[in-house]
Amino acid sequence: MSAPAEKARPVSAPAEKATPVSASEEKATTPYARDHRVRERPLRIGPASWTVRPRSAAVALVLLAATALLTALGMRIGDIPMSLAQVVGAVVGDGPDHFVVMELRLPRALTGVLVGAALALAGAVTQAVARNPLASPDVLGVTPGASVSVVAVIVATSSAAGGPGGTLATLGIPLLSLIGGLVGALAVYTLAWRGGLDGYRLVLVGIGVSAVFTNVKYWLLTIGDVNDSGRAMVWISGSLNGRGWEHVVPVAIGLAVLVPPALLGARSLDALRFGDDTVTGLGVRSNLVRSLMVLAAVLLASVATAAAGPIAFVALAAPQVALRLTGAARPPLVVSALTGAALTVAADLVARTAFSPVELPVGVVTAVLGAPYLIYLLIRARRKARS
Amino acid sequence: MSASAATARPRAPGRAGTVHSRRLLVLAGLFAILAVAVMLSVMVGAKPVPPGDVWHALTAQTGTENDIVVRSLRIPRTAVGVMAGVALGVAGALMQGHTRNPLADPGLLGVTQGAAFAMVFGIMALGVTSLYGYIWFGMAGALVASAGVFALGMAGGRGGPTPVTLALAGTAVSAFLYALTSALVLMDQRAMDVFRFWQAGSIAGRDGEVVWQVLPFVAVGLLLALFNAPGLNALSLGEDVARALGQNITLTRSVGVAAITLLGGASVAACGSLSFLGLMVPHLTRPLSGPDHRWLLPYSGLAGAAALLLADVVGRVVARPGELEVGVVLALLGAPFFVALVRRRKPVRL
């Protein structure tokens with residue numbers, strides 16, 4: 001494998017002695033040598049340097065290809081069915097399908113990719129800060145805050161005014177969701193701060209605040225007309241239906257601004273895996289790092305939720321899937337984002353084709369696709385641990 | 001044990017005795033709070049019943065209006081509340097102990113979403129309409145879902161499921177079932193109408209029949225929980241230590257999961273989704289009991305029942321002439337209290 005390029009470490013000397021043939025492939029296959037296989041390589045660009053894990057890079061490339069393929073497949077579907085070649089031709093060329101693809105299908109597909117990536121990244125950061133695999137932007141108050149405000153408006157406006165039409169639907173609901181999400185997160189953050197930001201306290205306060213929002217949402221769903229409840233349920237599930245460039249742009253900007261600092265903070269996230277004393281001993285300002293990382297997660301999740309609603313399960317599952325695909329010690333950021341994008345796009349593809357012509361909201365399908373895969377990974381990891 | 005401690009250190013038995021009596025004192029205090037909650041739950045409502053009339057209805061009923069209100073409405077409702085509260089409190093403490101995760105609630109085992117899916121399926125496919133029909137469907141769904149979670153958590157490995165696999169398998173199965181339920185209710189308005197009220201959680205309108213349907217499950221669940229407590233104490237030291245201490249890990253986990261399933265399934269079937277109660281109560285009682293599950297479980301049961309009844313009483317009063325669902329009140333009152341407690345003292349870690 002990649003081992004021969006690296007200098008043999010002194011510990012692996014006995015293994016070499018035992019097999020005087022010194023065939024490097026053979027050395028790499030013995031379990032002893034496999035322990036010393038290169039897992040991280042340094043990557044330096046000017047003054048900045050990272051460690052890159054070959055396995056993560058390979059997984060990332062596969063996911064990127066899968067996302068691109070699934071996106072293209074998703075863009076075939078619609079009133080005018082197209083072949084894959086026609087889709088690609090319409091994107092690059094100027095044929096009759098150019099408008100349909102560029103103005104209707106591409107923005108919808110891109111919204112899915114970007115929202116999935118943003119939610120998964122937010123989830124990965126949250127899980128790393130909270131050191132808890134069950135943490136997600138729900139615990140930060142973002143998605144419950146957004147949900148309750150949107151449901152409140154849908155229930156309040158619809159019966160009287162004939163439904164939230166026009167400006168309210170296109171501009172009002174995303175804006176409302178954004179504000180609701182940020183207010184929710186602010187509530188969690190201020191209540192959790194007490195001379196510092198402790199991951200454990202953050203999670204517990206988050207549960208409390210989320211419970212209030214969620215149960216108010218349940219109550220709002222019971223007081224309105226059942227049709228309004230149904231419409232609110234579609235938004236709560238998360239839907240990509242009718243998403244245009246006005247939804248793509250904010251999420252793209254959010255990712256462009258927030259991904260670089262999140263990646264720079266990744267090394268500090270590694271340190272946060274240890275106890276507070278160790279973190280401080282390693283020279284990481286834990287409160288600052290936690291606050292900044294939580295802020296990044298909140299902003300990512302809020303922007304994504306505003307665009308497509310709180311698509312279920314992506315933020316929670318994608319980091320855990322990525323963790324198991326790469327074999328890393330904490331949810332990897334880039335691979336999580338790519339997993340989230342692939343999962344969301346795949347779910348949208350299924351949501352539109354499975355019960356055609358009925359289209360389900362994408363958030364209903366993410367869990368149906370993601371949950372079995374996560375379970376498969378869990379079982380495989382246990383089987384490997386046994387053998 | 002206290003005898004050997006007595007020979008080693010003369011002061012030890014006295015101190016151990018103090019701890020013991022303090023624990024009993026807390027237990028008595030929780031009982032007293034629950035008793036007050038029960039009284040309030042029987043007396044307060046759309047038609048207030050004075051204590052004398054309650055006594056009259058209990059001992060020598062003559063068919064007056066208050067007798068009927070107390071015997072056919074208030075007492076069954078209170079009994080369902082006590083059972084569901086005890087069940088959720090104990091199940092929550094067990095769940096957090098077994099997953100060693102403060103975010104765990106009884107629903108994490110798939111109980112809540114399993115029940116929801118089975119009920120919605122029953123309404124849509126088989127035209128079930130009565131509440132009692134829903135209860136059996138909910139119970140069956142909860143049992144199947146949590147058995148599935150446990151099997152998945154066990155799959156591929158030796159010994160019981162680890163805390164992380166159990167928690168993640170439960171989350172995955174719950175999310176899967178919730179997705180199916182959402183898809184169904186989005187396609188069927190009648191199911192949606194039942195589901196949205198079920199989701200809010202309520203103990204209103206439950207009669208004596210429901211009490212007897214749910215009681216056996218809760219009773220067996222509590223018994224299993226009681227047997228599970230010492231084993232869970234050993235498991236919380238880590239699986240290796242527990243194994244070294246002679247614990248059968250698979251057995252302990254299985255008994256724990258069975259208890260959570262019965263308790264969580266019964267309460268979910270009878271009252272709908274009240275997950276936050278099971279999540280919150282152990283965090284409130286753990287500072288009182290410490291990490292010892294032999295005390296944490298009874299404390300959580302009593303506190304759960306008291307919290308549920310008090311929230312229900314508040315829900316009857318605040319939105320006159322209507323009522324606010326107990327699940328909503330629990331979150332609105334319980335969550336601020338919970339947050340304040342978490343902020344005030346250093347949370348007791350699992």
Side-chain angles (χ1 to χ4, degrees), chain A residues 130 132-135 139 191-192 194 198 200-201 203-216 218-219 221-222 224 226-227 229-230 233-234 236-237 312-313 316-317 320 355 358 360-361 363-375 378-386, chain B residues 99 101-105 108 152-158 161-162 164-165 167-169 171-180 182-183 185-187 189-190 192-193 196-197 199-201 273 275-276 279-280 283 324-325 327-332 334-339 342-343 346-347 349:
Chain A
N132 193 320
L134 298 185
V139 168
L191 286 171
R194 198 174 157 81
D198 177 69
Y200 199 85
R201 197 189 306 123
V203 160
L204 289 186
V205 169
I207 308 171
V209 174
S210 305
V212 173
F213 287 143
T214 307
N215 279 283
V216 170
Y218 290 158
W219 174 70
L221 285 173
T222 62
V226 72
N227 289 310
S229 302
M233 278 286 285
V234 172
I236 295 170
S237 304
F313 203 57
L316 194 143
Q320 290 302 313
F355 297 99
V358 177
L360 289 171
V364 168
V365 184
T366 42
V368 174
L369 280 186
Y373 190 59
L374 180 57
I375 289 170
L378 283 172
I379 293 173
R380 200 187 61 168
R382 270 174 75 88
R383 202 162 276 155
K384 222 183 259 174
R386 188 172 57 170
Chain B
T99 57
N101 197 315
L103 290 182
D105 63 50
L108 188 62
L152 289 171
M154 294 270 287
R158 249 194 315 244
T162 65
V164 175
T165 50
L168 280 177
T171 313
V173 170
S174 292
F176 185 81
L177 290 169
Y178 179 73
L180 295 183
S182 312
V185 298
L186 283 174
M187 289 188 230
Q189 208 170 68
R190 203 159 47 92
M192 172 88 205
D193 207 21
R196 60 185 184 147
F197 285 99
Q199 204 174 34
S273 150
S275 292
F276 183 61
L279 200 155
M280 169 183 77
H283 288 293
L324 209 54
E325 279 86 0
V328 179
V329 182
L330 263 174
L332 288 182
F337 186 64
F338 173 67
V339 169
V342 169
R343 270 178 62 78
K346 204 172 159 60
R349 281 162 205 264

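Below, read A as the first sequence line, B as the second, and so on, with proteins coming before strands; counting in each chain starts at 1.
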Looking only at heavy atoms, what is the nearest atom pair of [X] and [Y], with distance?
X	Y	result
A/Ala312	A/Thr366	O-OG1, 2.9 Å
B/Ala200	B/Glu325	CB-CG, 3.8 Å
A/Pro372	A/Val368	CD-O, 3.0 Å
B/Gly153	B/Thr165	O-OG1, 4.0 Å

Straight-line distance of [X] [atom1] to [Y] [atom2], nearest 0.5 Å:
X	Y	atom1	atom2	answer
A/Thr214	A/Ile236	OG1	CD1	9.5 Å
A/Leu374	A/Phe313	CG	CZ	5.5 Å
A/Met233	B/Met192	CE	CE	5.0 Å
A/Leu378	A/Tyr373	CG	OH	11.5 Å
B/Phe337	B/Leu332	CZ	CG	15.5 Å

For chain B, which of A/Val212, A/Val234, A/Ile207 has the most heavy-atom pairs under 4.5 Å?
-> A/Ile207
[X] versus chain B, heavy atoms under 4.5 Å apart: side chain, backbone, both or neither?
X	result
A/Ala317	neither
A/Leu316	side chain
A/Leu221	both

Measuring heavy-atom distances to chain A, does [X] have an atom under 4.5 Å in its side chain, in its backbone, in both, or in neither?
X	value
B/Phe338	side chain
B/Leu324	side chain
B/Met187	side chain
B/Leu186	side chain
B/Phe276	side chain
B/Gln199	both
B/Val185	side chain
B/Leu108	side chain

May I ask you to name which of B/Ala331, B/Ala104, B/Ser273, B/Ala335 has the most heavy-atom pairs under 4.5 Å with chain A?
->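 Max contact count across the listed options: B/Ala331.
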